[in-house]
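One structure is given here, and the rest of the page talks about it.
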Amino acid sequence: MNAHDIPPSGETKPTATDLQRSFMRHLHYTLVKDKYSATKADLYLALAFAVRDMLAERWLDTQQSYYINDAKRVYYISMEFLMGRSLGNSLINLGIKEEWENALMEMGIDLEDIAETEWDAGLGNGGLGRLAACFLDSMATMSLPAYGYGIRYEYGMFYQKIIDGGQYELPDNWLRYENPWEFGRQEHLHKIRYEGRVVESSDPAGEVRHSWVDTHDVMALAYDVPVPGYGNETVNTMRLWSAKSTREFELESFNRGNYVGAVESKMKTENISKVLYPADHMAEGRELRLRQEYFLASATVQDIFYRFSKKHDDLNLLPEKVAIQLNDTHPTLAIPELMRILLDEKMLSWETAWDLSMRTFAYTNHTILPEALEKWPVRMLEGILPRHLQIIYRINDCFLKEAKARFPEDSDRLRRMSIVGEEGEKHIRMAYLAIVGSHSINGVSVLHSEILKDHLFSDFFALWPERFNNKTNGITQRRWLKCANPWLSDLISSTIGDAWVTNLDELQKLRAMAEDRDFQRQWTEVKRANKQRLADYIYRHNGIQVSPDSLFDCQTKRLHEYKRQLLNVLHVIARYNRIKANPGLNVPPRTVIFSGKAAPSYFMAKLIIRLINAVGEVINSDPAAHDRLKVVFLANYSVSQAEIIFPAADLSEQISTAGTEASGTGNMKYALNGALTIGTLDGANIEIMEEVGRNNIFIFGMNAEQVEGLKRAGYHPGDYYSHNQELQQAMDMIADGTFSPGDPGLFKPIVDNLLGNDPYLLLADYASYVACQDEVDRLYRHPHEWTRKSILNTAGMGKFSSDRTIAEYAREIWGVKPEKVGRHSRRDLP
Ligand code: 26Q
């Protein structure tokens with residue numbers, strides 16, 4: 001029926017009347033609202049439903065094409081998908097934003113205004129979750145037969161409030177309002193089993209077989225979200241699982257007569273998909289997290305099997321038809337789960353099952369920080385997943401045999417490599433399980449992949465060098481330039497055409513314009529307008545007035561010691577002291593902007609947030625600094641807030657200790673929007689430098705090798721402190737309560753940490769960082785030079801499109817090819 005409103009995809013664009021009719025129909029019949037009763041949220045929903053209708057035809061056609069042509073599929077399994085808002089992105093990818101803008105304007109409705117009522121889908125912590133979202137966009141745009149599989153958390157990443165300078169976490173009840181982008185699929189449900197015990201028997205051939213019995217079961221219910229490609233007919237699926245108690249469970253427990261008790265335990269089973277863990281590191285073995293990971297792994301593997309089996313009964317075809325990418329170790333239980341199904345249900349031999357499984361799975365590592373590496377106590381696995389523990393032990397036995405054949409007499413090495421760790425409580429090392437069970441292991445930047453081979457996984461690299469490879473991260477230019485920065489997008493497109501939207505290398509053509517004064521002027525005007533927009537946002541949310549003529553110096557990312565927000569703060573304090581000591585000091589005015597969440601249990605990260613706000617309080621209220629320095633902490637960093645910040649930034653802070661940030665992707669988003677980077681030779685910063693040119697980036701500090709060297713030689717932070725007057729003064733102010741007069745000792749732990757056992761060697765890079773910031777000041781005094789470099793940054797970002805990243809995964813790991821979407825008749829009923 002909707003097809004009566006909006007003509008089907010492809011051929012012709014709908015007229016304003018078509019769009020208005022569809023919008024009004026949803027307002028009246030789907031929402032039952034009129035102009036008197038409709039709220040802004042209703043207008044948003046009516047529009048979302050109308051846009052959704054336009055995806056439906058393509059979505060069905062896409063899935064039907066994959067099915068009919070029996071395409072090889074790729075499954076991207078991730079505990080996190082940080083999608084942000086969908087409306088603007090769908091409009092852009094459908095190529096229909098302007099048409100809707102005009103159609104709504106004729107009705108007196110401002111598209112941007114109602115789009116803002118959409119709640120972010122914040123089902124992720126940070127980099128890893130957003131990478132998954134960018135990958136989905138690229139896979140759809142490149143017409144790859146791909147699926148994202150994740151969990152439909154009822155509560156996403158917490159909402160961050162700043163009260164008296166400190167972080168408070170509020171639940172993100174994102175499903176409170178109707179979510180127009182999801183479709184519950186009651187028929188796609190799988191039973192997920194926990195606990196119970198394993199029974200051994202022999203089959204007719206005399207083989208030992210295992211059955212897993214007396215389990216406690218939960219159902220996984222599918223919710224599908226459309227993922228439209230840009231400018232093509234593809235709409236892929238992101239399938240998120242939601243936990244529901246089983247019917248039997250309900251019948252049984254309710255019949256026992258304890259009604260309230262039964263409801264209580266029903267709620268407990270449904271808790272599995274309740275909340276995203278808000279830590280981007282491993283908080284000590286939380287049982288619920290393990291249950292979540294298995295829930296995702298098992299539901300997804302069962303679903304993959306179901307889809308595969310509709311077309312095939314020869315299991316040997318599995319690796320030819322299915323590629324599974326594990327987004328870090330979080331979904332690694334998919335490996336023993338696939339093995340369990342092949343062995344216990346399909347009755348394959350161990351050797352066959354293992355060979356098929358290995359050729360299907362690939363693993364991406366996103367961190368080398370020891371505290372983020374997943375380890376699960378054997379005791380916990382034994383209770384929750386007894387059959388999987390057996391399988392993991394057998395995987396380990398087979399693996400250790402292979403390793404021993406290759407390294408006989410090297411028992412030290414074998415102990416190091418064992419999937420079962422024996423130090424302290426016996427545990428399973430999930431990264432080793434993922435490596436042993438995958439045919440491909442990749443890092444996310446050149447440096448990071450080298451560190452994996454040379455350090456973290458060097459024993460495995462020695463055994464299987466051919467399995468290791470690099471896939472440098474990327475970002476989707478559709479969201480991070482075209483949607484987020486329409487003014488710059490228009491300027492670029494009117495200058496070099498719009499092919500960059502699907503081929504980011506096209507941006508190179510901007511190089512020729514870098515010195516063109518007229519182009520520079522337009523470039524500056526766009527930046528200035530974006531800065532005004534951010535300044536308004538800052539005023540609305542923080543009540544602080546900042547000048548769009550000041551240098552916008554931004555560090556937005558999770559709060560983490562290794563990311564060294566403290567290095568930035570120390571520089572801010574030193575700068576403030578310079579201004580105080582020399583009231584006539586002629587420095588370009590700066591606004592230093594921070595945003596980011598701290599894991600709720602991460603004491604030091606939360607204290608750093610307090611410090612940033614306290615320093616801001618002092619500086620922003622000091623008339624002496626008034627026209628030269630402001631410090632802003634924006635609450636609740638999110639995808640939609642990031643979309644306002646990136647386009648407005650002059651300077652991007654990427655200052656992690658070399659060797660700690662696996663890649664970074666914010667660094668790419670800033671540079672794409674014309675910010676200059678001040679950064680260390682870490683993660684993808686190195687590759688950004690190579691692409692934009694050494695003269696167009698501010699590099700400081702030790703490289704990864706020097707960091708290693710200094711650690712080996714012995715790091716003595718006290719030396720830096722006592723030999724640098726400015727540094728000493730700044731640290732003393734933190735320690736002595738200058739920023740916490742009511743509680744002078746508040747920030748002492750920060751200084752103690754920096755002078756104690758700081759694994760991130762912050763003080764060692766301080767002098768180099770400040771000198772580099774002085775360079776930044778010098779360049780900012782030459783607006784033409786600055787703008788030239790800004791243009792060259794955008795122009796050099798072609799490599800960092802997630803389209804390039806995905807093309808590499810598709811060719812080198814997955815073996816999947818673009819699948820053209822055909823038009824299929826829908827007049828035939830089943
Ligand atoms: C693990 C166990 C239990 C609970 C939580 C976790 C957990 C959750 C999230 C561990 C790590 C994460 C997230 C990691 C992450 O975001 N890493 C970032 O990945 C980006 C994409 O590759 C990189 O650009 C960043 O450098 C990296 O820090």
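When a ligand or atom number is given, it counts from 1 through the structure's own listing order. As the structure is a computational prediction, the values presented were derived from the model and not from experiment.
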query = Mind checking whether A279 has a heavy atom under 4.0 Å from ligand 1?
reply = yes
key: Under-4.0 Å salt bridge between E643 and R130   = no
ask   = Should the pair R291 and Y194 be classed as cation-pi, given the thresholds of under 6.0 Å to the six-membered ring centre and 45° from the axis?
value = yes
key: Any N/O pair E661/ligand 1 closer than 3.5 Å   = yes
query = Hey, is E661 close enough to R564 for a salt bridge, meaning N to O under 4.0 Å?
reply = no
inquiry  = Can you name the atoms of ligand 1, numbered from 1 with element, that are less than 4.0 Å from a heavy atom of A662?
reply    = 26 (O)
message = Below 3.5 Å, N or O to N or O, backbone or side chain included: is there any such pair between H330 and ligand 1?
response = no
inquiry  = When you compare the side chains of N469 and S440, does any donor N or O come within less than 3.5 Å of an acceptor on the partner?
reply    = yes
key: Candidate with minimal heavy-atom separation from atom 21 (C) of ligand 1, of L290, N473, V444, T367   = N473
task = Indicate, as side chain, backbone, both or neither, the part of H281 found under 4.0 angstrom from ligand 1 when only non-hydrogen atoms are considered.
result = backbone
ask   = Using 30° and 60° as the class limits, which term best fits the ring planes of F135 and Y76: parallel, tilted or perpendicular?
value = perpendicular
query = For ligand 1, which atoms sit closer than 4.0 Å to a heavy atom of D280?
reply = 7 (C), 8 (C), 9 (C), 10 (C), 11 (C), 12 (C), 13 (C)
remark   = The side-chain hydrogen bond (donor to acceptor under 3.5 Å, both in side chains) partner of S298 among R340, E337, H388, R193 is E337
message = Which of the numbered atoms in ligand 1 are under 4.0 angstrom from any heavy atom belonging to G664?
response = 23 (C), 24 (O), 25 (C), 26 (O)
request  = Specify the protein heavy atom at minimum distance from atom 3 (C) of ligand 1: its residue, its atom name, and the distance to 0.1 Å.
outcome  = R289 NE, 3.4 Å
ask   = Tell me, which protein residue and heavy-atom name are nearest atom 15 (C) of ligand 1, and how many Å apart are they?
value = L128 CB, 3.6 Å
query = Per the side-chain hydrogen bond (donor to acceptor under 3.5 Å, both in side chains) rule, which among Y363, W814, Y809, Y75 passes with Q325?
reply = W814
query = Taking distance alone, with no angle check, do A372 and ligand 1 share an N/O pair under 3.5 Å?
reply = no
ask   = Does a side-chain N-to-carboxylate-O contact under 4.0 Å join K557 and D280?
value = no
task = Decide whether the shortest distance between a heavy atom of E80 and an atom of ligand 1 is less than 4.0 Å.
result = yes
query = ligand 1 and Y562, any nitrogen or oxygen pair closer than 3.5 angstrom?
reply = yes
ask   = Does A684 approach ligand 1 within less than 4.0 angstrom via side chain, backbone, both or neither, non-hydrogen atoms only?
value = neither
task = Would you mind finding which of E371, H366, E374 brings a heavy atom closest to atom 2 (C) of ligand 1?
result = E374
ask   = Side chains of N685 and Q654: donor-acceptor distance under 3.5 Å anywhere?
value = no
query = Hey, are E270 and K274 close enough for a salt bridge, meaning a charged N less than 4.0 Å from a carboxylate O?
reply = no
